[in-house]
Undergrad: 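What follows is a single structure, and I will ask about it in a moment.
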Amino acid sequence: MSKRGAFVVIEGLDRSGKSTQAATLIKRLQESNVPSKLIKFPDRTTPIGKLIDSYLRSETELDDHAIHLLFSANRWEVASSIVKDLENGTTVICDRYAFSGIAFSASKVDPSSKPVDTSTSDGSSVAPTHSTRPPLLPYSWCRAPDVSLPAPDLTLFLDILPHIASQRAGYGGERYENQEHQERVRELFSRIAEEVEAEGVGRWVVLDGGLELKEVEEAIWREVKEALRGGDDGELGSVKRLWDKDREGAVLSSLYI
Ligand SMILES: Nc1ncnc2c1ncn2[C@@H]1O[C@H](COP(=O)(O)OP(=O)(O)O)[C@@H](O)[C@H]1O
Ligand SMILES: Cc1cn([C@H]2C[C@H](O)[C@@H](COP(=O)(O)OP(=O)(O)O)O2)c(=O)[nH]c1=O
């Protein structure tokens, strides 16, 4: 069997530079004769992707649960082909993945809901914000549909402050592109990073997406070269599965019987 390809995910807020960097990275890999392929989620070309596209452009309304499941289904549509590519030695670069799925859905709130207690120690209260309202969808519910998807070997999180991203070209045209929502998404990405690290499946690396294009490109290249070497033990091993502890836990508690 040929050496397995690496599964590299690029994540971040809207306009953090993911697509720009993913395109540069794939070019660089191909120039270095590394068999590689670029994929992107949402993949707006499939029938499911077309529903997602129409929702994101606010042309249609969908229940928040339903759109979350469609985003996940859009990944499951190609999950087996990702594994096949990796096993055949192709490195897969993926612009957004399940982590966006969790962060963007779990950050949703009902603007008409009662805010959680916002009183301060001196008895006054602060104005309710996005972050002080209860989530529409529980975090664990948002994570569940992606359990067992192929796990990335490396996730590069392009960190950027929402107000900086909002000044970049193209911002504001789609649903979710508002600063309050993006602030909450950024907080959720931190929680996800902790879980990825705790689970020990793949590395999560935070890079400063506010740096000059070239500096971000070089930082990404350094990390990807290391991932291609297979990390400390020089072995990528078999493709792992996302949040697999959930699946093991279910077996142990006999939920599968
Ligand atoms: N490091 C950077 N510095 C300044 N502008 C950037 C940087 N990275 C990307 N951009 C610009 O910001 C905009 C959004 O970038 P893009 O790669 O489409 O972001 P994303 O895919 O994360 O939404 C584009 O106009 C792009 O040229
Ligand atoms: C992959 C994914 C993206 N999203 C959101 C993030 C973005 O706001 C939006 C569109 O993603 P994308 O096309 O990557 O937009 P951008 O180029 O602006 O980063 O979809 C989800 O809500 N769930 C998901 O599972």
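Whatever order the structure lists ligands and atoms in, that order sets their numbers, starting from 1. One-based numbering along the sequence shown.
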Undergrad: For a quick test of reading the model, state the closest non-hydrogen atom pair linking Gln21 to Leu213 and the distance between them.
TA: NE2-O, 3.2 Å
Undergrad: Just need the protein heavy atom nearest to atom 12 (O) of ligand 1, so name the residue and atom and give the distance.
TA: Arg168 CD, 3.2 Å
Undergrad: Kindly identify the option in Ala22, Gly209, Gly17 whose heavy atom sits closest to atom 19 (O) of ligand 1.
TA: Gly17
Undergrad: Relative to atom 15 (O) of ligand 1, which among Thr20, Ile160, Asp208, Leu213 owns the nearest non-hydrogen atom?
TA: Thr20
Undergrad: Heavy atoms of the protein only: does one fall short of 4.0 Å from atom 24 (C) of ligand 1?
TA: no
Undergrad: Could Arg191 and Glu194 be called an ion pair, given the rule that one side-chain N must be under 4.0 Å from one carboxylate O?
TA: no
Undergrad: Touching ligand 1 at all, Gly170? Heavy atoms, strictly under 4.0 Å?
TA: no
Undergrad: Ligand 2: which residues have a non-hydrogen atom closer than 4.0 Å?
TA: Asp14, Arg15, Lys18, Lys40, Phe41, Pro42, Arg44, Leu56, Phe71, Arg75, Arg96, Ser100, Gly101, Phe104, Tyr176, Glu177
Undergrad: More than 12 heavy atoms of other residues, nucleotides or ligands under 6.0 Å from CD of Glu59: is that the case?
TA: yes
Undergrad: Please tabulate, one pair per line, all N/O donor-acceptor pairs under 3.5 Å involving side-chain atoms of residues 134-144, not counting sequence neighbours.
TA:
residue: Tyr139; atom: OH; partner: Glu195; partner atom: OE1; Å: 3.2
residue: Arg143; atom: NH1; partner: Glu195; partner atom: OE1; Å: 2.8
residue: Arg143; atom: NH2; partner: Asp246; partner atom: OD1; Å: 2.6
residue: Arg143; atom: NH2; partner: Asp246; partner atom: OD2; Å: 2.8

Undergrad: Using a 3.5 Å cut-off and no angle test, enumerate the donor-acceptor pairs between side-chain atoms of residues 220-231 and protein atoms at least two apart in sequence or in another chain.
TA:
residue: Glu223; atom: OE1; partner: Arg203; partner atom: NH1; Å: 3.1
residue: Glu223; atom: OE1; partner: Arg203; partner atom: NH2; Å: 3.4

Undergrad: Which residue holds the protein heavy atom closest to atom 21 (O) of ligand 1, what is that atom called, and what is the gap in Å?
TA: Ser19 OG, 2.7 Å
Undergrad: Can you run down the salt bridge (charged side-chain N to carboxylate O under 4.0 Å, His left out) pairs that involve residues 89-104, sequence neighbours left out, and say none if there aren't any?
TA: Asp14-Arg96, Lys40-Asp95
Undergrad: Using the ring of each side chain (for Trp, its six-membered ring), is Phe189 parallel, tilted or perpendicular to Phe157, with breaks at 30° and 60°?
TA: tilted
Undergrad: Would you kindly say whether Glu77 and Thr46 are connected by a side-chain donor-acceptor distance under 3.5 Å?
TA: yes
Undergrad: Taking the side chain as every heavy atom from C-beta outward, state whether Tyr97 and Leu242 have any pair of such atoms under 4.5 Å apart.
TA: yes
Undergrad: Gly210 versus ligand 1: do any nitrogen or oxygen atoms come within less than 3.5 Å of each other?
TA: no
Undergrad: Over 60° means perpendicular and under 30° means parallel, so classify the ring planes of Trp243 and Phe99, tilted if in between.
TA: perpendicular
Undergrad: Report yes if Gln21 has an N/O atom closer than 3.5 Å to an N/O atom of ligand 1; otherwise report no.
TA: no
Undergrad: Under 4.0 Å from ligand 1, counting heavy atoms only, is it the side chain of Leu158, its backbone, both or neither?
TA: neither
Undergrad: Below 3.5 Å, N or O to N or O, backbone or side chain included: is there any such pair between Asp14 and ligand 1?
TA: no
Undergrad: Tell me which protein heavy atom sits closest to atom 1 (N) of ligand 1, plus the residue, atom name and distance to 0.1 Å.
TA: Leu211 O, 2.8 Å
Undergrad: Got a salt bridge between Arg28 and Glu31, using NZ or NE/NH1/NH2 to carboxylate O under 4.0 Å?
TA: no
Undergrad: Lys18 to ligand 1: N or O pair under 3.5 Å?
TA: yes
Undergrad: Which word best sums up how the rings of Tyr176 and Phe104 line up, parallel for under 30°, tilted for 30 to 60°, or perpendicular for over 60°?
TA: tilted
Undergrad: Is the closest N or O pair between Asp95 and ligand 1 shorter than 3.5 Å?
TA: no
Undergrad: Give the residue, atom name and distance (to 0.1 Å) of the protein heavy atom nearest atom 14 (C) of ligand 1.
TA: Arg15 CD, 3.6 Å
Undergrad: Should Leu56 and Arg44 count as side-chain neighbours, where that means a heavy-atom distance under 4.5 Å?
TA: yes
